Amino acid sequence: MSAQIHAFLCLQDNIGVLIHDPNTGACAAIDAQEEGPILAALAKTGWQLTDILVTHRHSDHVQAVEPLKRRTGCRVVAPVKAREAVPHADAYVREGDTVHVGGLQAHVWETPGHCLDHVSYWFAADRALFAGDTLFTLGCGRMFEGTYAEFWASLQRLAALPDEARVYCGHDYTLSNARFALAADPDNEALKARAAEAEKAKAEGRFLVPTTIGQEKATNPFLRAGEPALAKSVQKEGAASVEVFQALREWKNRF
């Protein structure tokens, strides 16, 4: 692993992330949530911004793209389906494309569910996934467009990554996600420990990003929709996993 990664808070609860290639000096911001905190993170690390990799079009992920591009001259990469929201990108990507940040390489995966234009960036050599608002620590994004089948397929694809893969998500919703997860999966001992860890981290001014695929498969109710305990929690015993996932996500919307 050669990538250096720094995560920090933006706006109220967005997670900003920088990924840096020490061999070339290239550095990408994952999304551009807020100019000030991103510039502060660059100053703290001493890295120079060369790229912005956009995961999806929502304003809390793209509103600082133009000012950062004006300030630094960085290259902007965005999903082709988000072209209207990010009209000045230098490159538009889709499923199967690769993106380079210096010598680091990311595979572009279309991961619809939260919204139809959403992509995730998988840096396979560095075992680092930038999942935007598709997958959160102990949760997943709210579905605004598309179908639950599409969203479930996206989550299943991410869940198939190696257990040690680190997951950097777009928001720190961990405590509220933990409360819901405990309501849906109250007998899960790994979840209870993870929720306690989240409380401790919050008290210490930290957040549980990155998480790992292995941790999420053990504790995240949305990745566990195929488990009988989760089906029972939404009165969907014997139902298809996607139906359980839909019931869980709709319950979380009301929670």
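From a predicted model like this one, the values you see are computed outputs, not experimental measurements. Computed from heavy atoms alone, side chains included, the values below leave out hydrogens, waters and symmetry copies.
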**Q** Hey, can you tell me if His118 and His114 have their rings parallel, tilted or perpendicular (30° and 60° cut-offs)?
**A**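 Plane angle over 60°, so perpendicular.
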**Q** Under 4.0 Å between a Lys/Arg side-chain N and an Asp/Glu carboxylate O for Lys200 and Glu197?
**A**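 Result for this pair is no, no salt bridge flagged.
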**Q** Only pairs at least two apart or in different chains count here, so list each salt bridge (charged side-chain N to carboxylate O under 4.0 Å, His left out) that has a residue in residues 25-40.
**A**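 For residues 25-40: Glu35-Arg71.
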**Q** Which pairs would a plain distance check flag for residues 231-245, meaning a side-chain donor or acceptor within less than 3.5 Å of a matching protein atom at least two apart in sequence or in another chain?
**A**
{"unit_1": "Ser233", "atom_1": "OG", "unit_2": "Ala184", "atom_2": "O", "d": "3.3"}
{"unit_1": "Ser233", "atom_1": "OG", "unit_2": "Leu230", "atom_2": "O", "d": "2.7"}

**Q** Is a donor on one side and an acceptor on the other found under 3.5 Å between the side chain of Asn14 and the backbone of Asp60?
**A**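 Pair found, side chain donor or acceptor close to backbone of Asp60.
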**Q** From the options Thr111, Asp133, Thr55, select the one residue that forms a side chain to side chain donor-acceptor pair (under 3.5 Å) with Ser120.
**A**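 So, applying the side chain to side chain donor-acceptor pair (under 3.5 Å) to Ser120 and each of Thr111, Asp133, Thr55, only Thr111 qualifies.
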**Q** So, applying ring pair (Phe, Tyr, Trp, His ring centres under 6.0 Å) with Phe130, which one of Trp109, Trp122, Tyr168 is it?
**A**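 In the set Trp109, Trp122, Tyr168, the residue that makes a ring pair (Phe, Tyr, Trp, His ring centres under 6.0 Å) with Phe130 is Tyr168.
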**Q** Taking the six-membered ring for Trp, is the centroid-to-centroid distance between His20 and Trp47 below 6.0 Å?
**A**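 When the ring centroids of His20 and Trp47 are compared, they turn out to be within the sub-6.0 Å range.
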**Q** Would you kindly say whether Asp117 and His56 are connected by a side-chain donor-acceptor distance under 3.5 Å?
**A**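 Asp117 vs His56: no donor-acceptor pair found between side chains.
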**Q** For the atom pair CD (Glu216) and CG (Leu129), what is the distance rounded to the nearest 0.5 Å?
**A**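 With rounding to 0.5 Å, CD (Glu216) is 11.0 Å from CG (Leu129).
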**Q** Can you confirm whether Glu204 is buried at CD, in the sense that more than 12 heavy atoms of other residues, nucleotides or ligands lie under 6.0 Å from that atom?
**A**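 For Glu204, atom CD is crowded (more than 12 foreign heavy atoms under 6.0 Å).
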**Q** Check the side chains of Thr24 and Asp21 for a donor-acceptor pair under 3.5 angstrom, ignoring hydrogens and angles.
**A**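 There is such a pair (donor and acceptor under 3.5 Å, judged by atom type) between the side chains of Asp21 and Thr24.
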**Q** Return the OH to CG distance between Tyr148 and Leu155, rounded to the nearest 0.5 Å.
**A**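 Result: 12.0 Å between the selected atoms.
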**Q** Examine Phe207 together with Tyr173 and report whether their ring centres are nearer than 6.0 Å.
**A**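 Ring-ring flag for Phe207/Tyr173: false, centres at least 6.0 Å apart.
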**Q** If I take atom NE2 from residue His88 and atom CZ from residue Arg70, how far apart are they, to the nearest 0.5 angstrom?
**A**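 Going from NE2 on His88 over to CZ on Arg70, the span is 9.0 Å.
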**Q** Is the count of non-hydrogen atoms from other residues, nucleotides or ligands lying under 6.0 Å from Gln48 atom CD greater than 12?
**A**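 Atom CD in Gln48 is not crowded, with 12 or fewer foreign heavy atoms closer than 6.0 Å.
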**Q** May I ask you to decide whether Glu110 forms a salt bridge with Lys81, counting only side-chain N to carboxylate O separations under 4.0 Å?
**A**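 Result for this pair is yes, salt bridge flagged.
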**Q** For Thr219 and Asn188, work out which heavy atoms get closest and say how close.
**A**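 That closest heavy-atom pairing would be CA-ND2, 4.2 Å.
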**Q** Distance only, no hydrogens: is a donor on one side chain within 3.5 Å (strictly under) of an acceptor on the other, for Asn253 and Arg249?
**A**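 Present: a donor and an acceptor within the cut-off.
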**Q** For Val101 and Phe123, work out which heavy atoms get closest and say how close.
**A**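 Shortest heavy-atom separation between Val101 and Phe123 comes out as CG2-CZ, 4.3 Å.
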**Q** Between Asp90 and Lys69, is the closest basic N to carboxylate O distance under 4.0 Å?
**A**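 A salt bridge is present here (some side-chain N lies under 4.0 Å from a carboxylate O).
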